Protein chains: 2
Amino acid sequence: MQTGPDIARVAALLGDPGRANIVTALLDGSALTAGELARQAGVTAPTASAHLARLEQGGLLARQRQGRHNYFRLAHPEIGQLLEGLMGLAERIGHRRTRTGPKEPALRLARVCYDHLAGELGVAMLDGLVRDGRLAHEDGQLRLTEAGEAFMADFGIGLVDLRQGRRPLCRACLDWSERRPHLAGSLGAALLQRFQALGWASREAGSRVVRFSPAGRAEFAATFGLTG
Amino acid sequence: MQTGPDIARVAALLGDPGRANIVTALLDGSALTAGELARQAGVTAPTASAHLARLEQGGLLARQRQGRHNYFRLAHPEIGQLLEGLMGLAERIGHRRTRTGPKEPALRLARVCYDHLAGELGVAMLDGLVRDGRLAHEDGQLRLTEAGEAFMADFGIGLVDLRQGRRPLCRACLDWSERRPHLAGSLGAALLQRFQALGWASREAGSRVVRFSPAGRAEFAATFGLTG
DNA sequence: TGCATGGTTTGATGCTCATCGAAACATCGT
DNA sequence: ACGATGTTTCGATGAGCATCAAACCATGCA
């Protein structure tokens with residue numbers, strides 16, 4: 001008999017392949033309809049509907065009705081963090097769904113984690129920002145320095161807007177494939193959006209892959225002082 | 001159809017209340033026998049045996065036969081990290097097993113996380129170490145500074161031994177109750193052991209609670225420069 | 001060589017729940 | 001108003017599995 005949070009309830013929600021596929025599909029931060037999720041999960045509409053109801057009831061998903069469509073998204077960014085942690089552990093333990101798929105390398109290079117950049121380039125970006133004194137680790141938190149504020153403003157990020165929301169500006173998120181942190185939080189999300197606006201990178205439809213153009217990749221490396 | 005690590009397998013293992021109780025009981029880093037775990041989990045010996053077999057098969061637990069006893073422990077420290085993450089999320093979402101139990105405050109103040117100090121005092125200690133320049137955040141990793149090495153040696157920590165193992169010396173572990181990191185890794189484990197050797201604190205049998213004596217608490221605060 | 005104790009295996013039972021087809025419901029475009 | 005599309009509800013089916021009692025195996029002690 002133990003006290004404390006009920007981890008079994010949450011784990012059981014993620015313990016079904018269908019539901020796991022659903023939340024993984026939502027890990028890119030998008031909001032998908034019930035039908036899309038059913039297809040992604042490889043189940044029929046009724047089963048998906050039942051799963052979605054349970055996930056919503058369990059507090060993992062948020063539902064937004066829009067006309068005849070039902071959009072679902074992760075209820076909280078922290079859920080994405082947990083999923084990355086689960087992936088890391090599953091990988092270490094050797095539980096893999098398939099032999100490394102074809103688009104696996106692209107996924108390891110650059111992917112979306114909820115709504116920010118993850119993968120090799122994601123952690124490299126955070127490293128660069130810290131090395132150049134734009135972000136600072138402080139009491140285990142990430143803080144934007146004055147130099148960092150100037151840098152972001154120059155890069156076209158509207159910090160004022162970002163500080164409006166109650167979501168933290170900077171946050172370290174442990175990367176699944178790199179096993180080191182990358183930048184999350186509203187700033188991380190804004191940066192990824194900016195990359196897309198600048199045409200440096202684009203999201204691959206229906207996957208978490210972020211594809212950089214050769215020119216965009218070069219600009220990216222130059223901006224954050226990456227050698228690789 | 002998705003690729004990548006199979007999170008459902010791992011989550012399903014943790015999704016049963018019996019198994020969740022088992023791993024939670026092992027979260028204090030101890031190695032317990034099958035019988036003890038059966039009692040902790042509130043199931044009979046046969047069911048526990050089945051659960052333990054599945055957990056071992058799944059790579060979450062390591063078994064060590066000693067005579068007619070079977071000792072189980074978490075297969076890897078990272079599993080403890082994931083469990084704390086799961087607890088944090090479950091708490092946020094509002095899944096609690098019971099109304100806050102009686103020993104809950106003690107647990108939030110100071111407890112064992114796998115083998116190192118967690119809770120209010122755990123994060124305060126890390127804060128103090130960083131503030132005083134003994135640990136430094138670097139590229140998202142924790143590093144022991146020169147001043148820190150001197151401090152640890154003076155405090156009676158044998159760094160040479162710690163560096164032998166392949167386990168990282170310092171590691172940040174996200175605290176379940178405080179939602180901020182505390183110090184893990186072999187150094188974190190060594191510090192907790194030292195506290196016990198000095199008589200500052202002692203483990204409460206059969207729980208994760210770490211109980212500081214009044215004098216020990218004062219020494220602790222003085223050593224790490226805590227005001228609270 | 002026995003007896004006690006810890007642990008696992010086996011077998012049987014019952015429950016939860018994932019799944020899908022069919023039908024009902026809701027919304028949109030025409 | 002009506003057909004088309006997206007979504008949920010209902011009902012039925014089946015599989016997986018958690019559970020325990022009883023039997024079995026192994027180790028330690030006398």
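Reminder, nothing fancy here: chain letters follow the sequence lines and each chain counts from 1. As the structure is a computational prediction, the values presented were derived from the model and not from experiment.
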*asked:* Less than 4.0 angstrom between a side-chain N/O of B:R19 and OP1 or OP2 of D:dT19, yes or no?
replied: no
*For atom NE2 of A:H51 and atom C1' of D:dT7, their distance in whole Å*: 15 Å
*With a 4.0 angstrom cut-off to heavy atoms of chain A, pull out the first and last contacting nucleotide of DNA chain C, in 5'-to-3' order.*
C:dC17 to C:dC28
_So A:R63, base contact, sugar-phosphate only, or nothing? Heavy-atom distance under 4.0 Å._
sugar-phosphate
_Looking at A:L13, is its backbone amide N or carbonyl O close enough to the side chain of A:R19 to form a donor-acceptor pair, meaning the two atoms are under 3.5 Å apart?_
yes
*Which whole-number value in Å describes the distance from A:L55 CG to D:dT8 P?*
12 Å
*Does A:N70 place a side-chain N or O at less than 4.0 Å from the phosphate oxygens OP1/OP2 of D:dG6?*
no
_Beyond-backbone contact of B:R217 with B:L121, side-chain heavy atoms, under 4.5 angstrom_ = yes
_Any donor-acceptor N/O pair, B:R194 side chain to B:F155 backbone, under 3.5 Å_ = yes
*Please say which of B:L74, B:L26, B:I79 ends up in a side chain to side chain contact (heavy atoms under 4.5 Å, CB included) with B:L60.*
B:I79
*So A:F195 and A:F220, would you call those rings parallel, tilted or perpendicular, with 30° and 60° as cut-offs?*
perpendicular
*Please tell me if the side chains of B:L142 and B:L187 come closer than 4.5 Å, counting only heavy atoms from C-beta onward.*
no
*asked:* Using a 4.0 Å heavy-atom cut-off, does B:A45 contact any base of the nucleic acid, only the sugar-phosphate backbone, or nothing at all?
replied: base
_What is the distance, to the nearest angstrom, from the CZ atom on A:R39 to the P atom on D:dG6?_
8 Å
*Integer-rounded Å distance: D:dT19 C1' and B:I22 CD1*: 13 Å
*Separation of atom CZ in B:R65 from atom C1' in D:dA26, rounded to whole Å*: 11 Å
*Does the ring centre of A:W200 sit less than 6.0 Å away from the ring centre of A:F224?*
no
*What one-letter contact string describes nucleotides 20-25 of chain D from 5' to 3', where B marks a base within less than 4.0 Å of any protein heavy atom, S marks contact via sugar-phosphate atoms alone, and - marks no contact?*
BBB---
*Decide yes or no for A:R163 and A:L169: does some side-chain heavy atom of the first lie under 4.5 Å from some side-chain heavy atom of the second?*
yes
*Considering heavy-atom distances to DNA chain C, does A:H69 or A:A50 have its closest nucleotide positioned more toward the 5' end?*
A:A50
*asked:* Is there, by distance only and without an angle test, a donor paired with an acceptor across the side chain of A:R68 and the base of D:dT5 below 3.5 Å?
replied: yes
*Atom CG of A:L37 to atom P of D:dG6: distance rounded to whole Å?*
14 Å
*State, with a plain yes or no, whether a side-chain heavy atom of A:R65 is found less than 4.5 Å away from one of A:N70.*
yes
